[in-house]
Each structure stands twice: as structure tokens, then as C-alpha cells.
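Both counts, for ligands and for their atoms, begin at 1 and track the order of listing. Note that the coordinates shown come from a computational prediction; the quantities given were computed from them, not determined experimentally.
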Amino acid sequence: MKRYDIIIAGGGMAGLSLCYYISRSSLRTKSILLIDREPKNRNDRTWCFWESGAGPFESIIFRSWQTIAFYGKTLSSLLPTAQYTYKMVRGIDFYTFAYKQLTGLPNIEIKNAIIESIEETEAGGIVRIGQEAYIANHVFDSISGLPKNRPGNQHLLQHFKGWVITTERDCFDANCPRIMDFRVSQHNDCRFFYLLPFDKRTALVEYTVFSQQVLQEQDYATALRTYIADFLDTGGYQIQETESGVIPMSDEMPASGPFEHVIRIGTSGGYTKPSTGYTFQRTQQYLRELVMTLAQTGKPARQKTGVRGWIKRALDVVFLNVLIHDRHSAADIFTRLFTRNDPTILFRFMNEETTFTEDLQVINSMPKIPFVLAAVDSALTKLRYMF
Ligand SMILES: Cc1cc2nc3c(=O)[nH]c(=O)nc-3n(C[C@H](O)[C@H](O)[C@H](O)COP(=O)(O)OP(=O)(O)OC[C@H]3O[C@@H](n4cnc5c(N)ncnc54)[C@H](O)[C@@H]3O)c2cc1C
């Protein structure tokens, strides 16, 4: 069985980011095997995230914005993004960038194959591909997904379909994405449009739903056509690209121990922020910490907790509970969030950088009774399954 220092199972966003950070750290000479079932040569997604200042992927930022628009049921607001910039990276640019940095390094092997299993053993993590097996001291797993069956946890799906369209008329404000547009039928879920303008005639228009079940394929297309007809003066349009996805919004943590050698990362590692589905920036933060600790101690850092982390997580759990049990209109909750908070605090809150006092200010903008009920219900549920 061939042994490596590190195996990265899944070379998507998290796997490639990890490999990139390792290649720029004091671990850069470690032998690494990175395995993905596909060569990552399609623009299969776009990532948007909030960032203050320049980040590691500055050279491949496709678009960035410093004002965003929010549309509630009846009102709209334009918000400056304070010290943050809302940045967009296209999947294909990210994959190309990472491959360019990693290909050719003598200690990094990239393999396209379907991984059949990943096992924790005393000797190391074992990754199996057909008849072949590979072993490493550290196996970073971004392919196994979140388990969905442990009781006491809450699960919701964020599912969406988007079209990149080009229009016959100028109809987009290239300086201002629509972060959430709730002027659509809610069907007792949380449904909104998300619009990222590339220029006056090109934009990604995305229909997003938070619910327990995904929709029929044609339902997304119908909603997209209706929104474009109702709210965009296109003069006709063509669909250039499509993207779709399902992101787990869950407060379930991956089984974390007592595994020594196999560590989950990315969506599989529970890096997705449960209340928003944002994963990109959290993954970058967690992986940079992980690599730093691995380099310093020989052991990868687990996801940070501490009191601050615990409070942020508790807020997410309560928020999920409100959405899942439909305790209050989601459109109204987001309208309050975007219109009753100082933008500086709002974006710090979304990036989990707020102080406890700032958290309280945001909480104060929420309807009290549904959130208190959700807090009590979440606490009782967690306690029931803890003992
Ligand atoms: C369309 C879309 C848009 C998104 N937009 C945003 C956004 O704007 N902002 C944000 O923060 N988050 C966003 N997300 C959520 C999240 O950032 C992405 O899903 C991100 O790609 C997760 O990274 P990951 O490495 O965990 O998973 P992935 O990037 O999906 O990587 C997993 C990799 O594992 C490989 N793989 C899976 N099974 C096997 C196997 N058996 N053998 C070998 N290889 C395997 C896959 O080919 C894939 O390359 C989006 C998700 C989607 C789907």
C-alpha cells in the first residue's frame, strides 16, 4: 500500500484550498495525494463572500461590489457594505488558479478517480480506489457529506437554480447586486431571488429556496422566467450558463472523534454556516488555521469552539429552528435584519466577527416571541439528546 504524508480526498473548493495553503506553508515538502473523480474543468459554480481587504484569491476575483440591494415584501434598501467588499469568484477560475499553483510540484500527485471508501485505522487513514489502496497519516475528507440521521439535530436545505443571462436592453445596475429579493410567492418556505450583475446586460439570476425538500426541475425554471418577466426590463434574453445546487443548512456536526487520521473538511466538515449556507470564506479561515496548527504541532486543528464560537453556533441553531418551524415569516426576519441594523454591524454579523454587544443589537432587531420559543425548543431538544 503506497504511503503519503497527506491524502486529500476530493479536490473541490476545500480540497484544493487546503492543498494550496499547505503548498505555501512549512509543510510544502510533505508528500500529498489529491484525488478527485473529475478534472475540474467546468464552471460548475460561483462563490460569493464578504471580505475586508485583500484575500488570498484576489487575482481571480471576477466581480466585486460595495453596495448591495435588499428587497423585502414592500420596501427595498441600498446598503453600503461598510468595510467589507462582496466578492465573486467563478469556479473555473478558482480550479484553474489552484491547478496552476499545484501542478508540477514534485511532492504533489493529483489523481482523477472515484474514491470508494475512507477508513480510519491505527496505522493511518486508508483511501480505496478499486483494487488500489493508499494510506496517510492525515486524510482530509471533503467527499463524505454530512450524516443526516443523528437525532437531536435540525436540517434544512438551501436549494437553487441560476441562469447567467444576457439581455437585449441595459437592465442591470452593474454596481449593485440584489442580495435577497423577496418579491416572490413564499409557499410557506423561505424563497427569494439573488441577482449578481456582471455588467449592464449580463447577470446571474438565481432562484433560492430554504425548505426540507428540493423542487421539481421545472418549478425553478418557471420561477426564473416569471421573475425575469416581472422585475427585469430585458427586451428579450438568452441563457448563457446555468448553475444549481443543494447546500445543507444543518446544526449537526460531523462525527469528529476519536478519529486520529481522517479529518473532514469543507461542507463534509460542517464548515457551512447553518443559517445562511455561506461556506467559502469559513472554509478559507478554518483551513488556514488547520494548516498553521498542523505545521506547528503535527496535528490538524479541529474547528474552533470557545465561548464566542459557541454563541455564534447557538444563534445559528435558534435561527434554523425559527425557519424550520415557520415561527415567523422569513421575509420579515430578513427585512428586519437588513433594514434595522447598521450595515457595519450587519456585515460583521454575517461574517461572524461581531462582539457579544453587537450580537445583542442584531438579536434585538428580531421578533422576540418566535426567537424565544425557538431558543427554548432548541435548548430542550439538545438537552434531551445529550443525556
Ligand atoms: C452552485 C453552488 C453555488 C454556491 N455558491 C456559494 C457561494 O456563493 N458562497 C458560499 O460561501 N458557498 C457557496 N456554495 C456552497 C459551498 O461553498 C460549495 O458547495 C463548495 O464547493 C463546497 O466545497 P467542498 O470542497 O466542501 O465541496 P466541493 O467543492 O463540492 O468538492 C467536493 C469534491 O469531491 C469530489 N468527489 C465527490 N465524491 C467523490 C468520490 N467518491 N471520489 C472522488 N471525488 C469525489 C467532487 O468531484 C468535488 O470536486 C455553493 C454551492 C453550490 C453547489
Side-chain angles (χ1 to χ4, degrees), residues 7-21 33-51 55 57 61-65 68 86-95 98-99 110-118 127-130 132 134 139-146 157-164 177 179-180 194-196 204-209 214 220 241-250 254 263-287 290 303 350-352:
I7 298 176
I8 301 178
M13 188 268 283
L16 286 172
S17 301
L18 176 64
C19 201
Y20 173 70
Y21 291 129
L33 174 63
L34 182 141
I35 311 164
D36 200 289
R37 63 184 169 198
E38 55 188 45
K40 308 307 286 181
N41 52 12
R42 287 181 305 119
N43 189 32
D44 59 355
R45 63 199 64 187
T46 51
W47 292 290
C48 280
F49 54 96
W50 309 95
E51 194 164 51
F57 303 112
I61 299 296
F62 182 67
R63 290 288 183 278
S64 63
W65 300 275
I68 56 158
Y86 195 52
K87 301 182 181 180
M88 172 185 174
V89 170
R90 299 189 325 150
I92 189 64
D93 296 336
F94 177 84
Y95 304 136
Y99 270 75
I110 299 180
K111 196 178 180 69
N112 286 137
I114 295 178
I115 296 167
E116 276 152 29
S117 68
I118 301 176
V127 176
R128 293 189 192 279
I129 298 171
E132 300 162 28
Y134 305 94
V139 172
F140 294 102
D141 169 11
S142 64
I143 70 165
S144 297
L146 276 175
L157 298 175
Q158 176 176 148
H159 44 105
F160 49 89
K161 187 175 184 78
W163 292 341
V164 174
I179 198 81
M180 286 180 138
Y194 175 60
L195 189 150
L196 297 175
L204 170 65
V205 186
E206 202 150 89
Y207 181 49
T208 304
V209 182
V214 298
Y220 300 98
E241 283 178 33
T242 64
E243 75 163 32
S244 58
V246 181
I247 303 175
M249 298 168 75
S250 167
I263 308 283
R264 291 190 179 193
I265 58 169
T267 303
S268 301
Y271 290 7
T272 300
K273 184 165 170 62
S275 56
T276 62
Y278 279 115
T279 317
F280 186 88
Q281 193 63 340
R282 281 180 139 216
T283 300
Q284 305 311 324
Q285 285 159 3
Y286 291 153
L287 291 180
L290 184 152
Q303 214 170 308
M350 308 262 272
N351 250 25
E352 301 193 320

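- Taking only nitrogen or oxygen atoms, main chain and side chain alike, I115 reaches within less than 3.5 Å of ligand 1.
- Of the options I247, I265, I143, the smallest heavy-atom separation from atom 45 (C) of ligand 1 is shown by I143.
- Cation-pi geometry between K161 and Y220 is not met: the NZ or CZ atom fails to fall both under 6.0 Å from the ring centre and inside 45° of the normal.
- Side-chain N/O atoms of N41 and Y99 include no donor and acceptor closer than 3.5 Å.
- Contact atoms of ligand 1 toward K40: 48 (C), 49 (O) (distance under 4.0 Å to a heavy atom of the residue).
- Looking only at heavy atoms of the protein, atom 31 (O) of ligand 1 is closest to G12 CA, 3.3 Å.
- Under the 30°/60° scheme for interplanar angles, the aromatic rings of Y278 and W50 are found to stand perpendicular.
- Taking CD1 from I61 and NZ from K87, the interatomic distance works out to 5.0 Å, rounded to the nearest 0.5 Å.
- For ligand 1 and T267, the ligand atoms under 4.0 Å from any heavy atom of the residue are 22 (C), 26 (O).
- If you look at A9 next to ligand 1, there are no close heavy atoms at all, none under 4.0 Å.
- Checking R37, E38, M13, Q158 against atom 43 (C) of ligand 1, the nearest heavy atom belongs to R37.
- Counting only non-hydrogen atoms, the option in T276, D44, T279, I114 that gets closest to atom 10 (C) of ligand 1 is T279.
- Of all protein heavy atoms, the one closest to atom 52 (C) of ligand 1 is F160 CZ, 3.6 Å.
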| task | Take K111 and I129 through the test side chain to side chain contact (heavy atoms under 4.5 Å, CB included) and record every step on the way to the result. | result | CA-CA 11 Å; K111 196 178 180 69; I129 298 171; 4.3 Å; yes
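- Within the 4.5 Å cutoff, side-chain heavy atoms of W65 are placed close to those of M88.
- When only non-hydrogen protein atoms are considered, atom 8 (O) of ligand 1 lies nearest to C48 N, 2.7 Å.
- Atom 49 (O) of ligand 1 has its nearest heavy-atom neighbour, among T46, L204, D36, L34, in D36.
- The protein heavy atom nearest to atom 25 (O) of ligand 1 is A14 N, 2.8 Å.
- Ligand 1 has A113 within reach: a non-hydrogen atom of the residue lies less than 4.0 Å from it.
- Residues Q284 and Y21 bring a donor and an acceptor atom of their side chains to less than 3.5 Å of each other.
- Within the model, atoms OH of Y286 and OG1 of T279 stand 10.5 Å from one another, a figure rounded to the nearest 0.5 Å.
- With respect to atom 13 (C) of ligand 1, the closest heavy atom belonging to the protein is W47 CD1, 3.7 Å.
- Counting only non-hydrogen atoms, the option in K273, E206, K161, R45 that gets closest to atom 19 (O) of ligand 1 is R45.
- Atoms of ligand 1 lying under 4.0 Å from at least one heavy atom of G266, given by number and element, are 26 (O).
- Not a single heavy atom of S17 sits closer than 4.0 Å to an atom of ligand 1.
- Contact check for I179 versus Y86: side-chain heavy atoms found under the 4.5 Å cut-off.
- Aromatic ring centres of Y20 and F57 lie closer together than 6.0 Å.
- Interface of S142 with ligand 1, defined as ligand atoms under 4.0 Å from a residue heavy atom, comprises 32 (C).
- Interatomic distance, R282 CZ to N351 CG, rounded to the nearest 0.5 Å: 10.0 Å.
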